[in-house]
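Take a look at the structure set out below.
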Amino acid sequence: MELTLKKADREDAAAIAKVQVDSWRTTYRGIVDEAYLDNLKYADRERVWSQAVEQNPIFILTDETDEVVGFAIGGTERSGDFEGYDSELYAIYLYESVQGQGGGRRLVEAVAGNLAERGFDKMVIAVLAENPACRFYERIGGQKIGQEEIEIGQFKHTELIYGFDLKKMV
(Lines give C-alpha, C1' and ligand atoms only; values in the text may rest on other atoms or scores of the structure.)
Protein backbone atom coordinates (compact mmCIF):
# COMPACT_ATOMS: atom_id res chain seq x y z
CA MET A 1 0.00 0.00 0.00
CA GLU A 2 1.35 3.39 -0.96
CA LEU A 3 1.02 6.07 1.70
CA THR A 4 1.32 9.79 0.99
CA LEU A 5 2.45 12.28 3.62
CA LYS A 6 1.13 15.84 3.61
CA LYS A 7 0.13 18.70 5.90
CA ALA A 8 -3.48 18.74 6.98
CA ASP A 9 -5.85 21.65 6.69
CA ARG A 10 -9.10 22.42 8.47
CA GLU A 11 -11.10 20.32 5.98
CA ASP A 12 -9.22 17.21 7.18
CA ALA A 13 -10.49 17.54 10.77
CA ALA A 14 -13.35 15.03 10.39
CA ALA A 15 -11.05 12.39 8.91
CA ILE A 16 -8.44 13.03 11.60
CA ALA A 17 -11.12 12.65 14.28
CA LYS A 18 -12.21 9.33 12.79
CA VAL A 19 -8.63 8.01 12.79
CA GLN A 20 -8.18 9.05 16.42
CA VAL A 21 -11.42 7.55 17.72
CA ASP A 22 -11.12 4.33 15.73
CA SER A 23 -7.45 3.94 16.70
CA TRP A 24 -8.26 4.41 20.37
CA ARG A 25 -10.93 1.74 20.11
CA THR A 26 -8.62 -0.82 18.49
CA THR A 27 -5.41 0.00 20.38
CA TYR A 28 -6.85 0.48 23.86
CA ARG A 29 -9.64 -2.13 23.92
CA GLY A 30 -8.92 -4.24 27.00
CA ILE A 31 -6.59 -1.56 28.40
CA VAL A 32 -8.82 1.50 28.84
CA ASP A 33 -12.31 1.45 30.36
CA GLU A 34 -14.76 0.10 27.75
CA ALA A 35 -17.37 2.74 28.63
CA TYR A 36 -14.83 5.49 27.98
CA LEU A 37 -13.99 4.04 24.56
CA ASP A 38 -17.65 3.56 23.66
CA ASN A 39 -18.40 7.20 24.55
CA LEU A 40 -15.76 8.71 22.26
CA LYS A 41 -17.53 10.89 19.69
CA TYR A 42 -16.26 11.81 16.24
CA ALA A 43 -17.93 15.24 16.40
CA ASP A 44 -16.22 16.11 19.70
CA ARG A 45 -12.80 15.19 18.33
CA GLU A 46 -13.49 16.98 15.03
CA ARG A 47 -13.97 20.25 16.92
CA VAL A 48 -10.65 19.73 18.69
CA TRP A 49 -8.74 18.96 15.49
CA SER A 50 -10.27 21.80 13.46
CA GLN A 51 -8.82 24.19 16.06
CA ALA A 52 -5.54 22.32 16.55
CA VAL A 53 -4.65 22.52 12.85
CA GLU A 54 -4.62 26.32 13.21
CA GLN A 55 -2.13 26.15 16.11
CA ASN A 56 0.44 23.56 15.00
CA PRO A 57 1.00 21.67 11.75
CA ILE A 58 -0.74 18.31 11.60
CA PHE A 59 0.81 15.78 9.26
CA ILE A 60 -1.48 13.20 7.69
CA LEU A 61 -0.94 9.98 5.81
CA THR A 62 -3.35 9.12 3.03
CA ASP A 63 -3.74 5.87 1.15
CA GLU A 64 -4.09 5.42 -2.61
CA THR A 65 -7.81 6.37 -2.39
CA ASP A 66 -6.84 9.63 -0.60
CA GLU A 67 -8.40 8.42 2.68
CA VAL A 68 -6.64 9.72 5.79
CA VAL A 69 -5.20 6.65 7.54
CA GLY A 70 -2.91 8.31 10.10
CA PHE A 71 -1.81 11.62 11.56
CA ALA A 72 0.61 13.24 13.99
CA ILE A 73 1.00 16.65 15.62
CA GLY A 74 3.60 18.25 17.88
CA GLY A 75 4.45 21.56 19.47
CA THR A 76 5.80 23.14 22.64
CA GLU A 77 6.23 20.75 25.58
CA ARG A 78 3.24 21.36 27.84
CA SER A 79 4.15 20.07 31.30
CA GLY A 80 7.49 21.72 32.02
CA ASP A 81 8.40 18.56 33.96
CA PHE A 82 11.25 17.35 31.74
CA GLU A 83 14.24 19.64 31.89
CA GLY A 84 15.93 20.16 28.54
CA TYR A 85 12.93 18.90 26.57
CA ASP A 86 11.24 21.81 24.85
CA SER A 87 8.82 20.08 22.47
CA GLU A 88 6.29 17.28 22.47
CA LEU A 89 4.75 14.85 20.05
CA TYR A 90 1.17 15.47 21.17
CA ALA A 91 -0.51 12.72 19.19
CA ILE A 92 0.18 10.07 16.61
CA TYR A 93 -2.48 7.65 15.42
CA LEU A 94 -2.68 5.19 12.55
CA TYR A 95 -5.33 2.71 11.58
CA GLU A 96 -4.32 -0.78 12.63
CA SER A 97 -4.49 -1.89 8.98
CA VAL A 98 -1.56 0.37 8.01
CA GLN A 99 0.65 -0.12 11.05
CA GLY A 100 4.00 -1.79 10.44
CA GLN A 101 4.42 -0.25 6.97
CA GLY A 102 6.69 2.66 7.88
CA GLY A 103 3.94 5.25 8.19
CA GLY A 104 4.44 5.79 11.90
CA ARG A 105 8.14 6.47 11.39
CA ARG A 106 7.35 8.90 8.56
CA LEU A 107 4.86 10.78 10.75
CA VAL A 108 7.28 11.02 13.70
CA GLU A 109 10.06 12.19 11.38
CA ALA A 110 7.77 14.81 9.81
CA VAL A 111 6.83 16.23 13.21
CA ALA A 112 10.45 16.05 14.44
CA GLY A 113 11.68 17.83 11.32
CA ASN A 114 9.06 20.54 11.68
CA LEU A 115 9.91 21.02 15.36
CA ALA A 116 13.63 21.25 14.56
CA GLU A 117 12.91 23.83 11.84
CA ARG A 118 10.97 25.83 14.43
CA GLY A 119 14.04 25.88 16.73
CA PHE A 120 13.23 23.07 19.16
CA ASP A 121 15.98 20.69 20.34
CA LYS A 122 14.41 17.77 22.19
CA MET A 123 10.99 16.14 22.13
CA VAL A 124 8.95 14.01 24.52
CA ILE A 125 5.98 11.75 23.99
CA ALA A 126 3.77 10.19 26.66
CA VAL A 127 2.59 6.64 25.91
CA LEU A 128 0.37 4.36 27.96
CA ALA A 129 2.65 1.68 29.39
CA GLU A 130 0.33 -1.07 28.10
CA ASN A 131 0.41 0.30 24.56
CA PRO A 132 2.23 -2.11 22.22
CA ALA A 133 3.65 0.97 20.42
CA CYS A 134 6.16 1.43 23.26
CA ARG A 135 8.50 -0.90 21.36
CA PHE A 136 8.12 1.31 18.26
CA TYR A 137 9.27 4.42 20.16
CA GLU A 138 12.28 2.55 21.51
CA ARG A 139 13.20 1.27 18.02
CA ILE A 140 13.20 4.79 16.59
CA GLY A 141 15.52 6.11 19.29
CA GLY A 142 13.27 7.06 22.19
CA GLN A 143 14.78 6.83 25.65
CA LYS A 144 12.56 6.40 28.72
CA ILE A 145 13.01 9.55 30.79
CA GLY A 146 10.11 9.25 33.20
CA GLN A 147 6.62 8.09 33.92
CA GLU A 148 3.44 9.56 35.34
CA GLU A 149 -0.01 8.48 36.38
CA ILE A 150 -3.06 9.69 34.47
CA GLU A 151 -6.75 9.03 34.77
CA ILE A 152 -8.76 7.86 31.77
CA GLY A 153 -12.41 7.31 32.47
CA GLN A 154 -12.71 5.75 35.92
CA PHE A 155 -9.21 4.22 36.07
CA LYS A 156 -5.61 5.28 36.61
CA HIS A 157 -2.96 4.33 34.06
CA THR A 158 0.80 4.67 33.85
CA GLU A 159 2.23 6.69 31.00
CA LEU A 160 5.85 6.21 30.01
CA ILE A 161 7.64 9.34 28.86
CA TYR A 162 10.08 8.89 26.00
CA GLY A 163 12.63 11.54 25.08
CA PHE A 164 14.14 12.16 21.65
CA ASP A 165 17.02 14.34 20.46
CA LEU A 166 15.66 16.06 17.36
CA LYS A 167 19.15 16.50 15.89
CA LYS A 168 19.50 12.72 15.72
CA MET A 169 16.13 12.32 14.01
CA VAL A 170 16.39 14.79 11.12
Side-chain angles (χ1 to χ4, degrees), residues 5 8 16-17 19-37 39-40 44-45 48-49 51-61 70-96 98-170:
L5 178 73
I16 291 168
V19 170
Q20 183 187 23
V21 169
D22 292 351
S23 294
W24 263 75
R25 289 180 176 155
T26 57
T27 302
Y28 297 124
R29 187 80 54 198
I31 297 172
V32 171
D33 179 25
E34 298 286 321
Y36 181 87
L37 294 175
N39 284 320
L40 292 172
D44 294 342
R45 302 313 305 162
V48 168
W49 296 117
Q51 293 174 351
V53 75
E54 302 294 329
Q55 298 164 358
N56 287 291
I58 299 177
F59 294 90
I60 58 175
L61 282 177
F71 75 94
I73 181 174
T76 301
E77 199 278 325
R78 297 173 288 190
S79 74
D81 293 339
F82 305 100
E83 190 173 331
Y85 290 87
D86 54 0
S87 65
E88 181 177 350
L89 180 63
Y90 298 145
I92 178 171
Y93 296 102
L94 289 97
Y95 283 136
E96 195 172 51
V98 297
Q99 292 175 9
Q101 299 179 34
R105 179 181 292 272
R106 288 176 64 196
L107 286 168
V108 171
E109 289 172 351
V111 170
N114 176 266
L115 292 170
E117 287 172 9
R118 292 163 57 192
F120 294 103
D121 294 315
K122 292 188 176 185
M123 173 180 79
V124 296
I125 182 170
V127 185
L128 287 182
E130 302 96 334
N131 187 335
C134 290
R135 290 184 300 278
F136 164 74
Y137 296 112
E138 293 165 5
R139 276 196 314 272
I140 64 169
Q143 302 291 316
K144 287 182 199 164
I145 61 168
Q147 69 179 46
E148 53 194 21
E149 297 297 314
I150 64 162
E151 193 169 307
I152 301 174
Q154 306 273 329
F155 300 96
K156 291 191 183 292
H157 296 272
T158 299
E159 279 188 322
L160 300 177
I161 311 302
Y162 288 92
F164 295 87
D165 184 339
L166 295 175
K167 290 179 222 62
K168 293 179 180 178
M169 298 183 75
V170 293

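The first residue of the sequence shown is numbered 1, and numbering continues consecutively from there.
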So how far is it from [X] [atom1] to [Y] [atom2], rounded to the nearest 0.5 Å?
| X | Y | atom1 | atom2 | answer |
| --- | --- | --- | --- | --- |
| Glu34 | Arg29 | CD | CZ | 4.5 Å |
| Asp22 | Thr27 | CG | OG1 | 10.5 Å |
| Ile161 | Ile145 | CD1 | CD1 | 7.0 Å |
| Met123 | Leu115 | CE | CG | 7.0 Å |
| Leu166 | Asn114 | CG | CG | 10.0 Å |
| Asn39 | Asp44 | CG | CG | 10.0 Å |

Does any N or O in the side chain of [X] come within less than 3.5 Å of the main-chain N or O of [Y], such that one atom is a donor and the other an acceptor?
| X | Y | value |
| --- | --- | --- |
| Ser87 | Glu77 | no |
| Thr26 | Ser23 | yes |
| Tyr28 | Asp33 | no |
| Gln99 | Leu94 | yes |
| Arg25 | Leu40 | yes |
| Asp86 | Asp121 | yes |

If every non-hydrogen atom of [X] is compared with every non-hydrogen atom of [Y], which pair is closest and at what distance?
| X | Y | result |
| --- | --- | --- |
| Ala91 | Trp49 | CB-CH2, 4.0 Å |
| Leu5 | Ala110 | CD2-CB, 3.8 Å |
| Cys134 | Val127 | SG-CG1, 3.7 Å |
| Gly104 | Ile92 | O-CD1, 3.6 Å |
| Pro57 | Ile73 | O-CG1, 3.5 Å |

Q: Assign the ring pair Tyr137 / Phe164 to parallel, tilted or perpendicular, where the plane angle (0 to 90°) is split at 30° and 60°.
A: perpendicular

(Q) Does the plane of the ring in Tyr93 sit parallel, tilted or perpendicular to the ring in Phe71? Use 30° and 60° as the thresholds. (A) tilted

Would you check if [X] and [Y] make a side-chain contact, meaning some heavy-atom pair closer than 4.5 Å?
| X | Y | answer |
| --- | --- | --- |
| Val124 | Glu88 | yes |
| Val111 | Tyr90 | no |
| Leu61 | Val98 | no |
| Phe82 | Lys122 | no |
| Asn131 | Ile31 | no |
| Asn56 | Arg118 | yes |
| Leu128 | Val32 | yes |
| Tyr162 | Gln143 | no |

Q.
Any donor-acceptor pair under 3.5 Å linking the side-chain atoms of Glu149 with those of Thr158?
A. yes

Q.
Taking atom CD as the centre, does Glu54 end up with more than 12 heavy-atom neighbours from other residues, nucleotides or ligands that are less than 6.0 angstrom away?
A. yes

Q: Please indicate whether Arg135 has more than 12 foreign heavy atoms, meaning atoms of other residues, nucleotides or ligands, lying under 6.0 Å from its CZ.
A: no

